[in-house]
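Only one structure is covered here, and it is reproduced in the block below.
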Amino acid sequence: MSEKLLPFSTIIIFTTMRPKLLKRSLRYYAQYNGSVIIADGSVEPYPGTIPANTLYLHLPKMSVAKRINHALNYSKTKYSIFSSDDDFLSFKGLEVGEQFLENNKDYSSVQGCYINFDSKFPNLLYGPMYTHFLNHDNNADIVKHRFKEAFFVNHIYS
């Protein structure tokens with residue numbers, strides 16, 4: 001992974017009452033050359049080890065939206081990426097997204113492709129999800145039209 005990724009992106013992971021998934025996420029994102037923030041809404045704090053690149057915030061009485069907003073206050077990088085505890089972001093994909101935003105200043109967000117892996121279907125190793133949003137571009141000239149269209153695409157992960 002490129003070292004230039006470090007100053008630009010913070011990954012914010014939200015979780016609630018899923019310590020096994022959080023443990024798996026922490027193990028994966030410990031490899032990330034940037035900052036990670038965990039916004040945990042669980043009743044009890046996570047008992048495991050927190051990697052050096054990760055800030056753990058125990059926020060048991062906050063909604064997901066408030067936890068994300070709270071975590072954003074700790075992000076000191078140019079970009080923030082939201083992820084749930086059961087999703088795994090491609091580090092190369094993050095770099096490609098950053099480069100797109102750096103080269104296209106009129107865009108405020110970018111979103112990659114979702115790939116689904118499901119062990120319940122052993123003959124299907126992986127498959128794309130949300131294909132109807134591939135190459136979606138919400139760039140209407142009128143703000144009201146962009147805002148209205150935003151309700152039809154899940155922007156939280158972009």
Side-chain angles (χ1 to χ4, degrees), residues 1-102 104 107-121 124-134 136 138 150-158:
M1 184 169 62
S2 172
E3 288 299 319
K4 66 185 164 104
L5 195 60
L6 180 61
F8 293 127
S9 295
T10 298
I11 298 172
I12 298 174
I13 299 171
F14 43 94
T15 186
T16 302
M17 307 294 286
R18 302 198 305 181
K20 288 181 183 177
L21 289 175
L22 180 55
K23 180 179 182 179
R24 191 172 68 170
S25 289
L26 289 169
R27 189 170 50 242
Y28 177 75
Y29 288 111
Q31 304 168 62
Y32 181 58
N33 284 336
S35 300
V36 177
I37 299 173
I38 305 296
D40 187 358
S42 302
V43 174
E44 298 293 324
Y46 177 71
T49 303
I50 305 298
N53 69 333
T54 302
L55 171 64
Y56 175 81
L57 302 172
H58 182 233
L59 309 165
K61 296 188 180 188
M62 284 189 187
S63 67
V64 172
K66 287 183 179 179
R67 279 187 276 138
I68 289 171
N69 189 52
H70 186 78
L72 279 169
N73 290 318
Y74 292 90
S75 178
K76 305 297 181 211
T77 54
K78 187 170 184 177
Y79 303 115
S80 295
I81 302 116
F82 300 135
S83 181
S84 62
D85 57 12
D86 60 351
D87 289 337
F88 296 91
L89 304 171
S90 158
F91 301 144
K92 181 63 178 173
L94 293 175
E95 186 174 356
V96 169
E98 280 182 354
Q99 288 302 313
F100 177 84
L101 291 173
E102 288 296 303
N104 296 277
Y107 283 80
S108 59
S109 68
V110 65
Q111 187 169 353
C113 297
Y114 287 85
I115 304 294
N116 181 43
F117 297 88
D118 195 337
S119 61
K120 291 181 247 175
F121 303 101
L124 176 67
L125 297 177
Y126 63 90
M129 295 180 66
Y130 312 114
T131 55
H132 55 288
F133 292 126
L134 289 175
H136 175 77
N138 186 358
F151 284 102
F152 299 103
V153 180
N154 187 357
H155 286 285
I156 192 167
Y157 296 114
S158 64

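Throughout, numbering of the chain's residues begins at 1 and tracks the sequence.
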### Message
For Asp40 and Tyr56, which I'm curious about, is there any donor-acceptor pair between the side chains at under 3.5 Å?
### Response
yes
### Query
Does the pair Thr16 and Arg67 meet the rule for a side-chain contact (heavy atoms from CB on, under 4.5 Å), with working shown?
CA-CA 11 Å; Thr16 302; Arg67 279 187 276 138; 3.0 Å; yes
### Task
Return the minimal non-hydrogen interatomic distance between Ser108 and Leu101, and the atom names on each side.
C-CD2, 4.1 Å
### Query
Would you say the side chain of Leu72 lies within less than 4.5 Å of the side chain of Ser80, judging by non-hydrogen atoms?
yes
#### Entry: 4.5 Å side-chain heavy-atom contact, Phe14 and Met62
no
### Query
Between Ser42 and Arg18, which heavy-atom pair has the shortest distance, and what is it?
OG-N, 4.4 Å
### Message
What's the separation between atom CD1 in Ile13 and atom CD1 in Ile37, rounded to the nearest 0.5 Å?
### Response
10.0 Å
### Task
Look up atom CG in Asp87 and atom OG in Ser25, then write down how far apart they are to the nearest 0.5 Å.
8.5 Å
### Message
Are Tyr32 and Ser9 packed together at the side-chain level, in the sense that at least one heavy-atom pair is separated by less than 4.5 angstrom?
### Response
yes
### Query
What's the spacing between Thr77 OG1 and Ile12 CD1 if we round to 0.5 Å?
7.5 Å
### Message
I want to check something: taking the side chain as every heavy atom from C-beta on, are Leu21 and Thr15 in contact at a cut-off of under 4.5 Å?
### Response
no
### Task
Let me see the working for Ile38 and Leu26 under side-chain contact (heavy atoms from CB on, under 4.5 Å), right down to the final yes or no.
CA-CA 9 Å; Ile38 305 296; Leu26 289 169; 3.9 Å; yes
### Message
In the structure I gave you, are the side-chain heavy atoms of Ile68 and Phe82 within less than 4.5 Å of one another anywhere?
### Response
yes
### Task
Measure the CG-CD1 distance between Leu22 and Ile50 for me, rounded to the nearest 0.5 Å.
6.5 Å
### Message
Could you check whether any side-chain N or O of Tyr29 sits under 3.5 Å from a backbone N or O of Leu89, counting only pairs where one atom can act as donor and the other as acceptor?
### Response
yes
### Query
Going from CD on Glu44 to CE on Met17, what distance comes out if it is rounded to the nearest 0.5 angstrom?
8.0 Å
#### Entry: Gap between atom CG of Leu94 and atom CD1 of Ile11 - 0.5 Å precision
5.0 Å
